[in-house]
Amino acid sequence: MLRLHLPDPPVDSEEENEEAAAEGATAQSSRSSIPMDAEHVELVKRTMASVKLPTLGIPAWASQISEEQWKDVVQRTLQARQSLGGPRPQWN
């Protein structure tokens, strides 16, 4: 049985939430102002295609399940967390 453990999100005050929202809006506006013509898009795609993550950080079990199975485990875990005390997802 595989269980995905996600730590509980931190409890934020309303003031912190408002500050985070304002910072997020500022970050979003600065990100959207980056010029991304077709040439830049292709450059980013080529660059990202050549990025290789080290395999040492991948747990052994990760190579034994499909991407779809992993997505299902994550989705069930998130849904269980949102339902506050709902059934814990299990790996079958």
Reported CD-to-CD distance for the pair Gln75 and Glu68, which is rounded to 0.5 angstrom: 11.5 Å

Partners passing side chain to side chain contact (heavy atoms under 4.5 Å, CB included) against Pro54 (at least two apart in sequence or in another chain): none

Where at least one partner belongs to residues 52-67, residue pairs that pass salt bridge (charged side-chain N to carboxylate O under 4.0 Å, His left out), sequence neighbours excluded: none

Less than 3.5 Å apart, which donor and acceptor atoms pair up between the side chains of residues 37-47 and the rest of the protein, not counting sequence neighbours?
from, atom 1, to, atom 2, distance (Å)
Asp37, OD1, Glu39, N, 3.2
Asp37, OD1, His40, N, 2.9
Asp37, OD1, His40, ND1, 2.7
Thr47, OG1, Leu43, O, 2.8

Side chain to side chain, Arg81 and Thr77, heavy atoms closer than 4.5 Å: no

Single-linkage hydrophobic cluster, 4.5 Å side-chain cutoff, Val73 and Trp61 together: yes

